[in-house]
Structures are given as structure tokens and as C-alpha cells.
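Down below is the structure, laid out as C-alpha cells.
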Amino acid sequence: MIQVSGKNYRCLDDIQKGLKGGDLTSVQLVQAYLREVKANTHLNAYVEVYENEAMTAARDLDERIHTSSAKLGPLFGAVLSVKDVIAQENHHLTAGSRILEGYTSIYTATAVQRLLDADAIIIGRVNCDEFAMGSDNRTSVYGPVRNGEHQEHVPGGSSGGSAVSVQVNTCLASIGSDTGGSVRQPASFCGLIGFKPSYGRISRHGLIAYGSSFDQIGVIGKKLDDVTKIYEVMKGVDDYDATLIDPLMVEDRPIRKKLAYLKDAVEHPSLQPEIRETFLKKVKSLQARDIEVQPVDFELIDYLIPAYYVLTSAEASSNLSRYDGLRYGRRSPHATTLLESYSKTRTEGFGLEVKRRILLGTFVLSVGYYDAYFAKAQKVRRLIKAQISRVLAEYDGLLLPTTPRTAWKLGAEMSPVQIYLSDVFSVLANLVGFPAISLPMGKDVENLPFGIQLISGTFQEHLLFVYSKLILDDEDSVVETI
Ligand code: GLN
């Protein structure tokens with residue numbers, strides 16, 4: 001929600017009506033968001049604010065709104081932030097890493113280009129975990145992001161800046177990336193909606209690669225309608241990404257009013273009791289509304305994290321080999337030979353977590369261990385996909401919590417493995433490539449928010465949206481937390 005001249009604008013629809021009706025100008029709107037950006041700098045959500053550019057775009061839009069012959073794109077009035085892993089021509093892009101210090105992108109990501117073509121305004125580039133590796137936004141070279149509502153807590157990650165930028169109303173919605181939960185988990189930690197489409201829905205052209213067979217661009221917002229409108233603009237085939245599917249090739253399945261929930265997730269020992277209780281209540285309330293909701297078994301649950309981290313680290317170690325100091329960003333000034341230049345650039349440029357993953361990935365891909373780890377994890381991924389596909393052939397969607405617990409404290413001492421384990425429920429959707437959404441579900445005793453997650457069959461995003469509406473129905477007030 002954003003307030004302009006004493007009036008509240010809760011969603012894109014409100015904003016567009018205001019702009020067309022003359023109650024609001026784009027300049028006033030962008031100014032209002034910029035005020036919020038400035039009032040919240042202590043949260044460290046923004047890496048760069050495009051103040052002048054956003055104001056110029058707003059002035060241009062105002063002119064066009066009042067020219068009757070001008071055509072307006074579907075996202076006019078949508079002011080968005082973009083995670084620091086998605087390229088925009090002539091703008092810096094650093095993936096929260098020292099190694100990309102000073103790098104300026106030479107082209108624009110397809111998704112961003114489509115947003116701009118639809119008349120969205122980009123207000124700035126937001127903080128994230130280094131190369132999107134992390135679950136609490138503490139691995140960024142720019143320092144941690146604070147949760148906007150609970151400032152002693154983390155906002156989640158890796159798209160922590162995205163979530164907080166939306167949470168404190170510095171923009172309408174944010175574009176993030178989700179390799180294993182980075183859009184859904186921070187949305188859950190900040191009381192927001194986080195949506196990751198099917199693998200192959202939104203072009204990855206211009207998205208810095210982490211785990212290429214897992215990565216998808218997603219949206220964080222407060223209103224389902226806003227999220228779906230932004231998704232509709234970004235999705236669809238692109239000559240630059242051969243993994244995208246032609247929408248004409250997939251059929252929309254009809255609604256059968258049947259959902260499943262993962263019993264093993266709800267009974268998982270790591271699950272916070274309040275999340276379990278609220279989740280089961282939610283199941284009951286859906287049942288009371290004539291939806292069949294059945295528990296299903298999933299005995300592979302404890303293989304999710306090992307399979308995910310083996311495979312994504314392997315892909316990351318390969319993807320990140322391009323950062324050698326010759327092609328992009330920062331080069332170590334302390335080297336005298338070529339080899340030294342590679343090693344010093346990477347030693348100085350990458351942070352601890354990224355190095356850990358490169359080492360782990362290189363290890364699992366090495367000759368002696370490839371079969372034992374990488375090939376095994378691929379087989380596990382196939383088994384997981386087969387099992388979840390069977391469930392989603394029978395049911396419209398699969399419910400599970402988004403995270404086992406709510407946001408931890410900023411200063412909490414946690415081992416890497418403890419942090420990895422906190423992704424247990426979110427990595428599933430990326431391992432199988434299916435669309436998933438996190439919706440605000442409740443708050444724990446400390447008033448920290450948590451989400452419910454819904455996964456649907458591949459390319460069945462329409463089912464996610466139908467059920468999301470139903471799930472949110474009685475929780476509109478939770479979405480509007482601030
Ligand atoms: N927390 C997970 C990881 O560190 C997911 C990150 C993401 O989705 N980008 O890999």
C-alpha cells in the first residue's frame with residue numbers, strides 16, 4: 001500500500017484507476033515511493049536507487065496518460081525493484097559480490113525488457129545473498145538486509161532486499177530469482193506473497209546463472225492480482241532461452257477440487273509447532289469449503305536437501321568459472337602472472353559461502369566422486385520428480401509449509417548445514433521444476449509471519465492462482481501487514 005496526498009493505493013488496479021481518473025500522477029507516485037526508500041535506508045534493502053531515471057519515466061508516463069491517442073502498457077503505474085542478479089543495460093550488476101564490483105551490464109534481461117515495454121518503472125536494484133546463495137541475506141558483500149517489521153531478524157534470502165523493498169512499501173512488487181526458495185522463503189519471512197513459475201516459463205536470459213537447471217525468475221508482492229499481472233508480462237518464449245516452453249504446447253488442466261498435503265512435511269521434526277497447527281487449521285478450512293484435501297506420503301523428504309545442494313553446487317561451480325578477472329568486474333591488483341591473477345581475483349572476489357559451494361561442486365564433479373555424488377543426486381532428483389508427478393496427476397496441488405520455522409535473529413550463529421536444512425520445504429519445487437507460491441498463513445508467538453506453500457503440476461500456474469485466491473480469501477488482512 002502506498003499513500004499519496006492522503007489517499008491509500010492498495011494494488012495496481014487502484015493505482016491505475018487513480019492515474020487515469022486524475023487523482024494521482026506518476027510523478028507523485030514515484031516521489032512517494034522514493035520517500036519510503038529514503039525513510040528505510042537503515043534496512044539496507046537497496047544497492048542502488050534509480051531516482052532520476054524513475055522520475056524521468058514517471059514524467060513521460062504522465063504525459064502519455066493525458067494524451068488520448070497514446071497506448072499504455074498493462075503495467076503502467078507499477079513501480080518495481082529488481083534483484084541484483086538480473087541485468088539491465090548500462091546499469092551496474094554485481095550479484096551481491098565483490099568479484100563483480102564495477103561491472104556494467106551490456107544488455108537487458110528479457111524479463112526486465114518486457115516489464116519496461118509494459119510501462120513498468122524500475123526504481124532500483126536490491127540487495128541479495130552473494131550469487132543468490134543463501135537463506136537469510138547475510139552473505140551479500142553489501143552487508144545484511146534487515147527484516148522491515150522485525151528489525152532484529154533476517155528477512156530471509158536470497159531475495160531479502162526484494163522482500164523488504166515490498167514489505168516497507170518502497171515499490172509495488174519486486175522481481176527476484178528462485179533456485180531453491182529465494183522468492184518464496186523471504187516472502188514467508190516478511191508476510192508477503194512469493195511466486196516461482198514452472199521451469200521454462202520466464203526467460204533466464206540476463207539472469208546471472210547459479211544452478212541453471214533450477215533457476216527461475218519470480219515475483220514478490222502484497223496482492224495476488226499484482227503478482228499474476230507481472231508474471232503474465234514476463235512469461236513466454238524467447239529466442240535467447242531454449243528451455244522455454246511454448247504455451248500452446250501445454251493444456252490447462254480442469255479444476256478437480258482436490259488438493260494433497262505432504263504428511264511427512266507436517267510431521268517433520270524441524271517444523272515449528274505454530275506452523276503445524278495453523279497449517280492443519282488451513283487444511284480444515286479448505287475442507288469445509290468443499291475441497292477434498294488428503295494427506296500423502298513422501299518418504300524421500302530427507303533426500304531433498306542433499307540432492308539439492310549436491311546438484312546446485314555442481315552447477316554453480318561450473319557457472320561461476322567464468323568470473324576469472326578477465327571478462328567481468330574486478331581483477332586483483334596484486335597479481336604478477338596470469339595464474340596468480342585468476343587465483344587472487346577469485347580468492348579476493350568471492351565470499352566464504354560462494355567458495356564453499358564452488359569447492360563442494362568441484363568435488364562432486366571430480367572423476368573419483370562423480371558417480372558417488374553427482375550422478376547419484378541426479379537419480380534421486382528423478383525419483384523425487386516421478387513421485388511428485390504421480391501426486392500431481394491425481395491432485396490439483398500439493399500443500400506444505402514454506403519454511404520449517406520463522407525468521408531467525410540477525411546475529412544468530414548457525415552452521416552452513418543448519419541454514420541449508422531450513423530450505424527443506426522450498427527446494428522441492430525447483431528439484432521438480434514445478435510452479436509454487438508462498439502465501440501468508442499466520443504469525444508465531446513472537447508475531448513473526450510464516451507462509452503456506454502450494455505447488456501445482458508443471459505449467460499449471462492457473463491452478464495455483466485459483467487456489468491461492470481461495471486460501472487468501474480470509475487472510476487479506478495478513479497480506480496488508482504494514
Ligand atoms: N537458500 C537456497 C540456496 O542457498 C536457495 C537460494 C535461491 O533460491 N537462490 O541455495
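Both ligands and their constituent atoms are indexed starting at 1 by order of listing. Worth saying up front: this structure is predicted, and the values here are computed from it rather than measured.
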Sub-3.5 Å pairs, protein N or O with ligand 1 N or O:
unit_1: ligand 1; atom_1: 1 (N); unit_2: Gly134; atom_2: O; d: 2.9
unit_1: ligand 1; atom_1: 1 (N); unit_2: Ser135; atom_2: OG; d: 2.9
unit_1: ligand 1; atom_1: 1 (N); unit_2: Asp423; atom_2: OD2; d: 2.8
unit_1: ligand 1; atom_1: 4 (O); unit_2: Gly134; atom_2: N; d: 2.9
unit_1: ligand 1; atom_1: 4 (O); unit_2: Tyr309; atom_2: OH; d: 3.4
unit_1: ligand 1; atom_1: 4 (O); unit_2: Arg357; atom_2: NH1; d: 3.2
unit_1: ligand 1; atom_1: 4 (O); unit_2: Arg357; atom_2: NH2; d: 2.9
unit_1: ligand 1; atom_1: 8 (O); unit_2: Thr179; atom_2: N; d: 2.7
unit_1: ligand 1; atom_1: 8 (O); unit_2: Gly180; atom_2: N; d: 2.6
unit_1: ligand 1; atom_1: 8 (O); unit_2: Gly181; atom_2: N; d: 3.3
unit_1: ligand 1; atom_1: 8 (O); unit_2: Ser182; atom_2: N; d: 3.0
unit_1: ligand 1; atom_1: 8 (O); unit_2: Ser182; atom_2: OG; d: 2.6
unit_1: ligand 1; atom_1: 9 (N); unit_2: Ala132; atom_2: O; d: 2.8
unit_1: ligand 1; atom_1: 9 (N); unit_2: Ser158; atom_2: OG; d: 3.4
unit_1: ligand 1; atom_1: 9 (N); unit_2: Thr179; atom_2: OG1; d: 3.4
unit_1: ligand 1; atom_1: 9 (N); unit_2: Ser182; atom_2: OG; d: 2.7
unit_1: ligand 1; atom_1: 10 (O); unit_2: Tyr210; atom_2: OH; d: 2.5
unit_1: ligand 1; atom_1: 10 (O); unit_2: Tyr308; atom_2: OH; d: 2.8
unit_1: ligand 1; atom_1: 10 (O); unit_2: Arg357; atom_2: NH1; d: 2.9

- Item | Donor-acceptor pair, side chain of Asp444 and main chain of Leu448, under 3.5 angstrom | yes

- Query: Quick one: do Glu446 and Lys409 make a salt bridge, cutoff under 4.0 Å?
  - Reply: no

- Item | Any donor-acceptor pair under 3.5 Å from Arg330 side chain to Glu348 backbone | no

- Message: Just to verify, which of Val112, Val85, Leu115 counts as forming a side chain to side chain contact (heavy atoms under 4.5 Å, CB included) with Ile175?
- Response: Leu115

- Task: Would you mind checking if Lys223 and Asp225 are paired as a salt bridge, meaning a charged N to carboxylate O distance below 4.0 Å?
- Result: no

- Honestly, is Arg357 close enough over Phe131, meaning NZ or CZ under 6.0 Å from the six-membered ring centre and within 45° of the axis? no

